[in-house]
Amino acid sequence: MAATLHAPNFDLEATLNSGQAFHWEPQADGSFAGCIADRLVALRQRRDEVLVTPTEGLETARCYLRLDENHDAVLRSFPAEDSVLAAAVAYCPGLRILRQPLWECLATFLTSSMKQVAHIRQMSLRLRRELGEPLRLGDIKAGAFPSPAAMASAGEQRLRELGLGYRAVFVHRAAARLASGEARLEDGEALDDAELLEFLLRFDGVGEKIANCVRLFAFGRLSAFPVDVWIERVLRERYFGGDEVPRKELTSFLVHHFGDYGGYAQQYLFHHARTSKGKSRSRP
DNA sequence: GTCCAGGAGAGGC
DNA sequence: GCCTCTCATGGA
């Protein structure tokens, strides 16, 4: 029934619930059910293994969970003298960056602006339920993430009704551009990191933050470093003594300090800040 | 009831 | 270039 993935130093629950993907649903048996592209799978962690149901989903899951990478090399790349990052890694060393489908990632993060993780999740599940291809796995039902064509033909008004608010226009425009063939996200694969950033910024509603989320979580550009309100707070408080930091100075610091796997560092810092008890939420 | 969120774009200066 | 304002919604 289930196939097994070797997954040392891996934390399935943290990875699926760390604000990268928003649709994994916990099951009574401790597994998580959700779609990877158009395949509905159930994933369950057992010590150093991840059990994948059905077995045909094995390679899909391996790729999605990035279990084909050398994670130790990522951890070794981090600046040794950085105690803030070290604490975040120690808090949840098994956290991984996912390798998500391109459109799903772009569309989901277009809905993310000025939204809390819980609400992005609600929108994602609703879009899947209302507009996605219905899938079944035993008793489990779920919807695939709706295609650009499905989103385009649903129309902006329908997307608004599904709770997207002012974000509906951006999602709809992107869906229409992709459905018509005017733009192809796969073309981004061949671009270098800087070119890919420019490519993504051409979508209306995509700024530097969302572009970096898509570069990191979908295109696997592991140096991409999304700066949201959480990360900005962590950086200001823990790396800049609480002072306001000009955006340009911040960007320069990120590139030089965190290095080739800055995106991973960012995810550890984000997850730690957002979920740990000692989370910093000081405000003026 | 109030606060705030994995932002971006437009307009004013 | 850097502010400030607006957009929309519901979980915490």
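Residue numbering restarts at 1 for every chain, and letters A, B, ... go by the order of the sequence lines.
As a whole-Å value, the separation of A:L110 CG from B:dG9 C1' is 13 Å. Straight-line distance from the CZ atom of A:F203 to the P atom of B:dG9: 13 Å, rounded to whole Å. One atom, CG of A:L197, and another, C1' of B:dA8, lie 14 Å apart when rounded to the nearest Å. One can place CH2 of A:W230 at 16 Å from C1' of B:dG7, the figure rounded to the nearest angstrom. Rounded to an integer number of Å, the gap from NZ of A:K209 to C1' of B:dA5 is 11 Å. Nucleotide B:dA8 holds its P atom 12 Å from the CG atom of A:D204, rounded to whole Å.
Base engagement by A:F217 is indicated by at least one non-hydrogen atom pair under 4.0 Å involving a base atom. If you check every strand for non-hydrogen atoms under 4.0 Å, A:S18 touches a base. Using a 4.0 Å heavy-atom criterion, one finds that A:V227 contacts no nucleic acid atom at all. Across all strands, A:G19 comes closer than 4.0 Å to base atoms (heavy-atom distances). Residue A:E232 is classed as having no contact, given no heavy-atom separation below 4.0 Å to the nucleic acid.
Under the 6.0 Å cut-off for aromatic ring centres, A:F109 and A:F170 do not qualify, their centroids lying 6.0 Å or more apart.
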Exercise for the section: Using a 4.0 Å cut-off on protein heavy atoms (strictly under), produce a 5'-to-3' string for nucleotides 5-12 of chain C with B for base contact, S for backbone-only sugar-phosphate contact, and - for none. Expected result: --BBBBB-
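Note on ring orientation: taking the six-membered ring where Trp is involved, the planes of A:Y64 and A:H23 are perpendicular (angle over 60°, cut-offs 30° and 60°).
A cation-pi arrangement is absent between A:R99 and A:F217 under the rule of less than 6.0 angstrom and at most 45 degrees off the ring axis.
No donor-acceptor contact under 3.5 angstrom links the side chains of A:Y264 and A:S77, judged on distance only. A:R128 and A:S124 share a donor-acceptor pair across their side chains, judged by distance under 3.5 Å alone.
Pairing each heavy atom of A:L95 with each of A:Y268, the nearest pair is O-OH, 3.1 Å.
For the pair A:R221 and A:D193, the salt-bridge criterion is met [side-chain N within less than 4.0 Å of a carboxylate O].
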